[in-house]
Amino acid sequence: MSHHPSLNGRVILITGASRGLGREMALALAGSGARLALLGSQPSEALDSLAEEISDTMILTADVARAGQAAAVVAEAEAHFGRIDVLVNNAGLGMRRVAENFNTTPTKFWETSPAAWSDIIGANVNGPFFMARAAVPGMVERGFGKVINVSTSAQTMIRRGYAPYGPSKAALEAYSRVWAQDLEGSGVDVNVYLPGGAADTDLLPPSANKKGADGNLLPADIMRRGIGWLCSDASNGVTGARFIARMWDESLPPDEAARGARDDHGDMPRIL
């Protein structure tokens with residue numbers, strides 16, 4: 001039984017939903033009765049398979065780095081469900097777009113192709129903006145909504161050989177704080193959610209001994225821990241915050257677990 005009954009019937013659009021973190025969050029939310037719009041960059045067996053596991057869903061495909069496509073799929077989801085209550089910006093590109101061996105042989109920034117750099121910035125920085133730009137006006141009009149931007153660990157943002165992926169997530173977190181301030185008093189909350197370390201997803205190259213930069217590798221399903229709370233009424237009014245799935249203690253009551261998983265970066269302003 002869900003800890004969050006307010007999720008029953010809530011309409012949630014998840015980008016990058018076909019696999020990895022997006023798939024796990026989708027399954028967790030579907031188990032709580034949410035109605036899901038599952039967005040992938042292109043049609044795929046993985047997206048179709050996920051939709052077959054979820055009763056009340058629709059499949060969308062778009063390149064979120066293209067403003068027109070982002071606006072079109074938001075409009076399609078709104079037409080189908082009548083509204084979008086929550087936008088989970090999970091889609092993104094990692095350093096494999098730069099080099100398959102990036103995690104063993106760091107690529108210096110001047111060795112990165114302009115095309116690869118632009119692709120990562122387009123997906124990770126522009127994509128969440130284009131999706132939110134299309135979805136938020138309806139939320140503001142209704143006086144309720146949530147935007148959840150999926151990020152990465154602070155050390156990854158400045159790790160050698162991780163440009164532009166790391167810096168793209170730093171930009172995402174910075175403008176998430178700006179959005180929260182822009183939306184203050186509107187009923188729309190904006191928060192950041194991240195695994196808390198390298199996760200076992202396709203962002204890392206396939207390897208029999210695949211592991212994160214710190215030697216550890218988190219399971220993708222770690223993102224199930226806090227996504228329900230972040231999408232539910234339990235988090236209403238909490239905005240401009242950052243939550244780490246690895247720190248989410250599921251043995252605690254949800255609100256207490258959320259407090260334990262919250263990371264405010266110390267010197268960054270708190271907005272509550």
Side-chain angles (χ1 to χ4, degrees), residues 13-18 20-22 25 39-42 60-74 84 86-99 102 107-137 139 145-183 188-195 198-199 201-204 223 239-244 263 265 268:
L13 194 163
I14 304 174
T15 71
S18 62
L21 307 184
M25 289 188 286
L39 176 61
S41 61
Q42 58 189 1
L60 300 165
T61 57
D63 179 355
V64 298
R66 296 183 178 274
Q69 292 187 30
V73 291
V74 166
I84 294 173
V86 182
L87 169 64
V88 180
N89 278 316
N90 170 70
L93 292 176
M95 288 299 295
R96 290 182 68 184
R97 182 58 60 99
V98 173
F102 76 93
T107 301
K108 296 178 176 61
F109 73 86
W110 64 85
E111 297 171 342
T112 301
S113 75
W117 186 282
S118 295
D119 286 347
I120 293 172
I121 294 299
N124 299 1
V125 178
N126 298 337
F129 163 64
F130 292 147
M131 291 298 298
R133 183 177 185 273
V136 163
M139 298 178 182
K146 296 176 184 292
V147 178
I148 300 164
N149 291 327
V150 175
S151 186
T152 192
S153 300
Q155 59 266 36
T156 300
M157 296 178 188
I158 56 172
R159 178 171 284 132
R160 179 187 178 194
Y162 276 62
Y165 174 74
S168 76
K169 294 298 187 177
L172 175 74
E173 294 210 18
Y175 67 61
S176 295
R177 296 297 182 103
V178 174
W179 293 0
Q181 295 174 79
D182 287 347
L183 288 163
V188 181
D189 303 322
V190 182
N191 289 297
V192 169
Y193 188 42
L194 60 143
T201 71
D202 288 344
L203 289 187
L204 290 174
M223 295 294 277
T239 190
R242 183 178 199 261
F243 295 91
I244 302 175
D263 173 29
H265 278 323
M268 295 189 74

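Everything quoted here is computed from the prediction, not taken from an experiment. In what follows, residues are counted from 1 in the order of the sequence shown. Just the heavy atoms: all of them, side chains too, but no hydrogens, waters or symmetry mates, feed the values below.
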> Just one of Asn149, Asp263, Asn191 clears the side chain to side chain donor-acceptor pair (under 3.5 Å) bar with Arg242, so which one?
Replying inline: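 That would be Asp263; it is the only one of Asn149, Asp263, Asn191 passing the side chain to side chain donor-acceptor pair (under 3.5 Å) with Arg242.
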
Answer whether the closest heavy-atom distance between the side chains of [X] and [Y] falls below 4.5 Å.
X: Asn124; Y: Leu172; answer: no
X: Val73; Y: Met131; answer: yes
X: Asn90; Y: Met223; answer: no
X: Met95; Y: Pro164; answer: yes

Quick one: [atom1] on [X] to [atom2] on [Y], what's the gap to the nearest 0.5 Å?
X: Glu173; Y: Ser168; atom1: CD; atom2: OG; result: 10.5 Å
X: Leu60; Y: Leu39; atom1: CG; atom2: CG; result: 6.0 Å
X: Arg97; Y: Asp119; atom1: CZ; atom2: CG; result: 4.5 Å
X: Ile148; Y: Ile14; atom1: CD1; atom2: CD1; result: 9.0 Å
X: Thr15; Y: Phe130; atom1: OG1; atom2: CZ; result: 13.5 Å
X: Asp189; Y: Lys146; atom1: CG; atom2: NZ; result: 4.5 Å

Of all heavy-atom pairs between [X] and [Y], which one has the smallest distance, and what is that distance?
X: Pro195; Y: Leu21; value: CG-CD1, 3.8 Å
X: Gly94; Y: Ile120; value: O-CD1, 3.4 Å
X: Ala65; Y: Gly122; value: CB-O, 3.4 Å
X: Val64; Y: Ala91; value: CG2-CB, 4.4 Å
X: Thr112; Y: Ala116; value: CG2-CB, 4.3 Å
X: Ala71; Y: Ala134; value: CA-CB, 3.8 Å

> Parallel, tilted or perpendicular: which describes the rings of Trp179 and Phe129, with under 30° parallel and over 60° perpendicular?
Replying inline: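 Because their plane-to-plane angle lies in the 30° to 60° range, the rings of Trp179 and Phe129 count as tilted.
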
Can a donor-acceptor pair be found, under 3.5 Å and without considering hydrogens, that links the side chain of [X] to the backbone of [Y]?
X: Gln69; Y: Asp63; result: yes
X: Ser153; Y: Thr156; result: no
X: Lys169; Y: Val150; result: yes
X: Thr239; Y: Val190; result: yes
X: Tyr165; Y: Gly92; result: no

>> Please evaluate residues Thr152 and Leu194 with respect to the criterion side chain to side chain contact (heavy atoms under 4.5 Å, CB included), reporting the C-alpha separation (whole Å), side-chain torsions for both, the decisive distance (0.1 Å), and the verdict.
In response: CA-CA 5 Å; Thr152 192; Leu194 60 143; 5.8 Å; no

